[in-house]
Structure formats: C-alpha cells, structure tokens
Amino acid sequence: MITVTPLKDAYKDNFIQLFNDYYAELDCGEDVPRLVNEYILPDLLAGLISIDLIKDGDVFAGFIIYQIDDIDNDWNFMEGWGDVREIYITPSLRRTGLGKFILFTAEMKMKERGADKAYALPTPQTEQFFIHCGYEKTEAYDDELECYVFEKHCLNPKCNCK
C-alpha cells in the first residue's frame with residue numbers, strides 16, 4: 001500500500017537518510033545533517049515549508065519539500081504560487097508512479113492552502129518528469145541553480161499526469 005505522510009519526529013532519521021541519498025545523487029558535497037538540522041527542520045517547524053514522505057509498504061521511498069511562496073519567507077520567488085522545492089524517489093522505485101503520486105498529493109495540499117499555480121526548478125534530468133505532470137518550461141532561467149523555471153498554471157483537483 002502506498003502512503004504519504006507529513007514528516008514527523010519518528011521519521012526524522014528516515015528523511016535524513018533519503019535526503020543524504022538525494023544530495024549524493026546531485027553530487028552537491030554538502031554536510032547533509034547540518035543542512036537538515038540548521039535549515040530544513042527549522043523552516044519546517046516555523047511553518048515556512050512542508051515535507052511529506054512516501055512509503056511503499058514499509059519502505060520509505062522518497063520525499064517532497066514544498067511551500068506557498070510568501071513575502072515572509074527568504075525563498076520567495078513567485079509570491080502566492082506553490083513551490084515544489086525538492087522531490088526525490090529512491091532510484092530502484094522510480095518509474096512506478098510514486099513521484100507523480102507524491103507530487104499530486106503536494107499540489108492538492110498547496111491548492112487547499114490557496115495556491116492556484118505551482119512552479120518547480122528541476123534539474124535537466126528531471127525536466128521530462130515535470131512536463132509529464134503538466135508543468136511547462138518557461139523562458140525564465142535561474143542563474144543560481146542553473147535551471148529553467150517550470151510552471152503549472154492550474155492545480156486541478158484531478159491528476160494531470162500522463
């Protein structure tokens with residue numbers, strides 16, 4: 001059974017392991033425990049971001065970090081829009097629909113919180129995933145992250161993923 005759950009204290013170590021795997025795959029060279037403990041978890045506790053985990057049976061398969069951009073948040077790229085900050089599925093479980101499932105779940109939650117639109121800043125390797133989920137590549141380019149902005153102009157109550 002597939003389940004999506006908000007990050008809780010009981011799952012913190014699972015999240016840190018998944019986030020470590022994610023950053024290792026991106027080859028970021030960051031100190032993941034420091035990043036999680038000094039930035040990500042404080043932002044979660046302050047209500048600036050949301051983090052959901054997806055499980056396939058008893059296996060933690062991935063996570064998504066998202067928010068509604070707000071002037072009070074340091075990362076406010078498109079005020080009032082939903083922002084898919086990070087999404088990760090364990091490599092062995094990719095192409096099984098888990099990424100689309102957790103993305104759709106986050107989009108529903110962002111819509112419930114008042115966002116009608118969402119955007120993402122995907123790596124070139126994940127651009128097709130976002131296109132298949134209804135996002136469109138724009139001409140806007142983020143120089144810091146070295147990627148294009150992808151936008152979804154309507155967060156529907158039903159899945160637009162192909």
Side-chain angles (χ1 to χ4, degrees), residues 1-70 73 75 81-115 117-135 145 147 150-152 154-162:
M1 177 156 81
I2 307 300
T3 56
V4 174
T5 183
L7 177 59
K8 303 173 186 176
D9 283 339
Y11 307 141
K12 180 181 169 187
D13 291 340
N14 302 95
F15 171 70
I16 290 172
Q17 181 58 55
L18 288 166
F19 200 83
N20 190 56
D21 294 345
Y22 171 60
Y23 260 57
E25 186 174 325
L26 292 176
D27 196 23
C28 291
E30 294 279 340
D31 177 358
V32 172
R34 185 186 67 75
L35 181 65
V36 168
N37 289 313
E38 291 183 20
Y39 298 101
I40 295 172
L41 294 179
D43 282 357
L44 176 66
L45 293 173
L48 299 175
I49 62 172
S50 296
I51 302 173
D52 290 342
L53 299 170
I54 189 165
K55 288 176 73 176
D56 185 359
D58 292 332
V59 176
F60 284 93
F63 66 86
I64 189 166
I65 301 174
Y66 57 99
Q67 69 184 48
I68 305 295
D69 279 7
D70 184 274
N73 192 333
W75 183 265
W81 285 56
D83 175 2
V84 180
R85 298 269 308 262
E86 315 282 345
I87 185 169
Y88 176 76
I89 299 295
T90 301
S92 64
L93 295 171
R94 290 179 187 161
R95 302 185 112 17
T96 62
L98 295 175
K100 291 176 184 178
F101 190 90
I102 197 168
L103 177 60
F104 175 62
T105 302
E107 288 175 352
M108 288 190 326
K109 290 179 179 182
M110 289 186 286
K111 184 162 179 70
E112 288 172 355
R113 295 174 190 162
K117 305 172 191 173
Y119 72 95
L121 303 170
T123 65
Q125 297 83 0
T126 59
E127 286 181 355
Q128 285 302 312
F129 167 78
F130 282 96
I131 290 169
H132 287 294
C133 290
Y135 287 73
L145 297 176
C147 62
F150 281 65
E151 298 176 352
K152 188 171 190 177
C154 185
L155 298 181
N156 292 324
K158 55 185 175 178
C159 186
N160 290 328
C161 301
K162 297 177 184 173

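Numbers here simply count residues along the sequence, with the first being 1.
- Taking CD1 of I65 as the reference point, atom CD1 of I49 lies at 5.5 Å (rounded to 0.5 Å).
- Scanning all heavy atoms of the two residues, the minimum distance from L121 to C147 falls at CB-SG, 3.5 Å.
- Of all heavy-atom pairs between A118 and L155, the closest is CB-CD2, 3.8 Å.
- Annotation: R95, atom CZ; neighbour count of heavy atoms from other residues, nucleotides and ligands within 6.0 Å does not exceed 12.
- Residues D56 and M1 have side chains not in contact (no heavy-atom distance under 4.5 Å, counting atoms from C-beta outward).
- When all heavy atoms of A61 and L93 are compared, the pair lying nearest together is CB-CD1, 3.5 Å.
- Interatomic distance, E86 CD to I40 CD1, rounded to the nearest 0.5 Å: 7.0 Å.
- Across every non-hydrogen atom of V32 and I16, the tightest pair is CG1-O, 4.2 Å.
- The closest side-chain heavy-atom distance from V84 to M110 is below 4.5 Å.
- Here the CZ-OH distance, from R94 to Y88, works out to 5.5 Å after rounding to the nearest 0.5 Å.
- Atom CG of L48 sits about 7.5 Å away from atom CD of Q67, to the nearest 0.5 Å.
- Remark: the backbone N or O of P33 is paired with a side-chain donor or acceptor of N37 at under 3.5 angstrom.
- Taking CG of L98 as the reference point, atom NZ of K100 lies at 11.0 Å (rounded to 0.5 Å).
- Y66 is not listed as a side-chain neighbour of L103, based on a closest heavy-atom distance of 4.5 Å or more.
- Legend: ring pair (Phe, Tyr, Trp, His ring centres under 6.0 Å) pairs involving residues 23-55, not counting sequence neighbours, sorted by first then second residue: F19-Y23.
- Rounding to the nearest 0.5 angstrom, the gap separating the CG atom in L7 from the CG atom in N14 is 9.0 Å.
- In this structure, the side chain to side chain contact (heavy atoms under 4.5 Å, CB included) partners of P6, at least two apart in sequence or on a different chain, are D52, K109.
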Residues E151, K117; criterion salt bridge (charged side-chain N to carboxylate O under 4.0 Å, His left out); working and verdict: CA-CA 7 Å; E151 298 176 352; K117 305 172 191 173; over 6 Å; no
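- Every side chain to side chain donor-acceptor pair (under 3.5 Å) that S50 has, sequence neighbours left out, goes to R113.
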Candidate pair I51 and I64, rule side-chain contact (heavy atoms from CB on, under 4.5 Å), full reasoning: CA-CA 6 Å; I51 302 173; I64 189 166; over 6 Å; no
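- Within the 4.5 Å cutoff, no side-chain heavy atoms of F150 are placed close to those of T126.
- Under the 30°/60° scheme for interplanar angles, the aromatic rings of F63 and Y22 are found to stand perpendicular.
- With sequence neighbours left out, F60 forms a ring-ring contact (aromatic ring centres under 6.0 Å, His included) with Y11.
- With T105 contributing its side chain and F101 its backbone, the two residues share a donor-acceptor pair below 3.5 Å.
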T5 vs I54, side-chain contact (heavy atoms from CB on, under 4.5 Å): CA-CA, chis, key distance, verdict: CA-CA 7 Å; T5 183; I54 189 165; over 6 Å; no
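- A pairwise comparison of heavy atoms in G82 and I68 identifies CA-CD1, 4.1 Å as the closest pair.
- Of the N and O atoms on the side chains of Q17 and D21, at least one donor lies less than 3.5 Å from an acceptor on the other residue.
- Using modelled atom types, one finds a donor on one side chain and an acceptor on the other under 3.5 Å when comparing Y119 with D83.
- Looking at every heavy atom in both residues, K152 comes nearest to W81 through O-CZ3, 4.4 Å.
- Not counting sequence neighbours, E127 has no partner by the side chain to side chain donor-acceptor pair (under 3.5 Å) test.
- Not counting sequence neighbours, the partners of Q125 by the side chain to side chain donor-acceptor pair (under 3.5 Å) test are T123.
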